[in-house]
J.: 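This is the structure I want to talk about, given as structure tokens.
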Amino acid sequence: MFHLFRGTRWIAAALLSVAMAGMAQSAKSEPSYVDPQIAAALPQVSAQRIQANIEKLVSFGTRLTLSAQDPASIAAGHGIGAAREWIHSEFERYSRDCGGCLEVKTDSFTEEPTERIPKATEITNVYAVLKGTDAGNTKRIVLVTGHYDSRNTNILDGTGDAPGANDDGSGTAVSLECARVLSKLKFPATMVFLTVAGEEQGLNGSKHFSKMAKDQGWDLEAALNNDIVGGDKSAEQDHSLVRVFSEGLPVAASEQDLRRIRGLGGEGDSASRQLARYIAEVGRTYDLGLKPMLVFRPDRFLRGGDHYSFNQQGFAAVRFTEFREDFHHQHQNVRTDNGIQYGDLLKFVDYDYVAQVARLNAATLASLASAPAPPANVHILTRDLENDTTLSWEASPGGLATEYEVLWRATTSPEWEHAQRAGNATGATLKLSKDNAIFAVRAVDRAGHRSLPVVPVPER
């Protein structure tokens, strides 16, 4: 049996037959909703435009954060200053094409000297905002980012050639192409298309931007970081996969939070991990020919990226990276040694692959921005020792939700396995032991757009 209730008043609103499978009751999810607007937009992502954008970024010679940004260098089209101005002009062009729908902005600050920044340096993030159209949801934000700075072997060399075609011209191109395509559409929630600098010097740009978002109280539901998504043309590359990295134990969690997470066995259920699972579901829904490969660690082994800055501020954030990196083509001076070509060159980028990554990002952004906000204050009731599981939640803010779904999976399963509709109630009881499964609740709108799932916390 599956009981629903509103507030504190119990209602036997449904007696749903649920097939037995393995440990207990199970109900397979209904097929995810394919939004015709999103489906029609994805083919507009252009590998040719992405190639042109990456070629333009490489044309600046170097985009090292310490490279030139004086007026003469900008006019000559050399250095990070020229790259910054070009990115700004591209966002402005997209905005003109959509009748001024984008607010193009910069986030500039001075980074004081550090190990990788020998003198005070101005760093500028460039971004465009596509405001949501629904008054109750416009403050909700989803974000895509890539870093537009590049480097060669010497992290302090501001003049040597540093093409940065893959790292991270590819991620910058994803953010730009998502802006170009999605700015033609309207969504209830707000999107931010971001490009940051200073990543190679220590995540400086993303640290500043994410702290600004936190200080300003942004309701940032998801940050998608694309870094090294060029599909390097090595023989061992798998162009059918893109890795999606997500933190388990949240870096921003308090000691009290960590004790609760460990006590409940919730190490695999951070908000970032739910975002990664959402991306996997989007990939299946829109059948893009590119499978998100979920990697349950914060980043590649002992390495980091700009999504970490957002995680530090408590936001859900993940990293997209090609399946197999070629380290001859990263952080290397352009040269040939012993017959091996080094350097992050254009010829190693697979532009069709980058386009597929951009489509996955665009579909995820559009799905999240179209969906209701997640339900609030989701709890699992633990007043009594019992084998049933009772969940309660508050209505999804913003007024888009028309019903809710309860999700569950085995504690050993990486993704949600089962879903059961709960109607427009604010609670449910399942004949399924909380000892043996992980639960979550998500909001659904009239069309079928689904929010990010929320894992409950105990309430005694």
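Everything numeric in this text was worked out from a predicted model, so none of it was measured. No hydrogens, no waters, no symmetry mates; every other heavy atom, side chains included, goes into these values.
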J.: What is the ring orientation for W408 with H418, classed by angle as parallel under 30°, tilted 30 to 60°, or perpendicular over 60°?
T.: tilted
J.: State plainly whether the residues R284 and E415 are in salt-bridge range, i.e. N to O under 4.0 Å.
T.: yes
J.: Please work out whether the ring planes of F310 and F315 are parallel, tilted or perpendicular, with thresholds of 30° and 60°.
T.: tilted
J.: Distance only, no hydrogens: is a donor on one side chain within 3.5 Å (strictly under) of an acceptor on the other, for D167 and H331?
T.: yes
J.: Would you say the side chains of E394 and N377 form a donor-acceptor pair under 3.5 Å?
T.: yes
J.: Answer yes or no: is there an ion pair linking D238 with R324, defined by an N-O contact shorter than 4.0 Å?
T.: no
J.: In plain terms, say whether D219 and K139 are close enough for a salt bridge, that is, a side-chain N and a carboxylate O under 4.0 Å apart.
T.: no
J.: In terms of relative ring orientation, are Y342 and H328 parallel, tilted or perpendicular, with 30° and 60° separating the classes?
T.: perpendicular
J.: Would you say the side chains of S309 and D306 form a donor-acceptor pair under 3.5 Å?
T.: no
J.: Taking the basic N atoms (NZ, or NE/NH1/NH2) and the acidic carboxylate oxygens, is any pair closer than 4.0 Å for E325 and R300?
T.: yes
J.: Between S183 (side chain only) and V181 (backbone N and O only), is there a donor and an acceptor less than 3.5 Å apart?
T.: no
J.: Below 4.0 angstrom, N of the basic side chain to O of the carboxylate: do R262 and E267 qualify?
T.: no
J.: Would you tell me whether S170 and N166 have side-chain atoms, one donor and one acceptor, within less than 3.5 Å of each other?
T.: yes
J.: Once you measure the plane-to-plane angle for H449 and Y33, does it fall in the parallel (<30°), tilted (30-60°) or perpendicular (>60°) bin?
T.: perpendicular
J.: Can a salt bridge be assigned to the pair D269 and R277 using a cut-off of 4.0 Å between side-chain N and carboxylate O?
T.: yes
J.: Within the 3.5 Å criterion, strictly below it, is a donor on S206 or E199 matched to an acceptor on the partner's side chain?
T.: no
J.: Begin with the C-alpha distance, continue with both residues' side-chain angles, and end with the deciding distance and a verdict on ring-ring contact (aromatic ring centres under 6.0 Å, His included) for Y94 and F193.
T.: CA-CA 12 Å; Y94 303 157; F193 309 98; 8.9 Å; no
J.: Would you find a donor on one side and an acceptor on the other, under 3.5 Å apart, between the side chain of S254 and the backbone of D257?
T.: yes
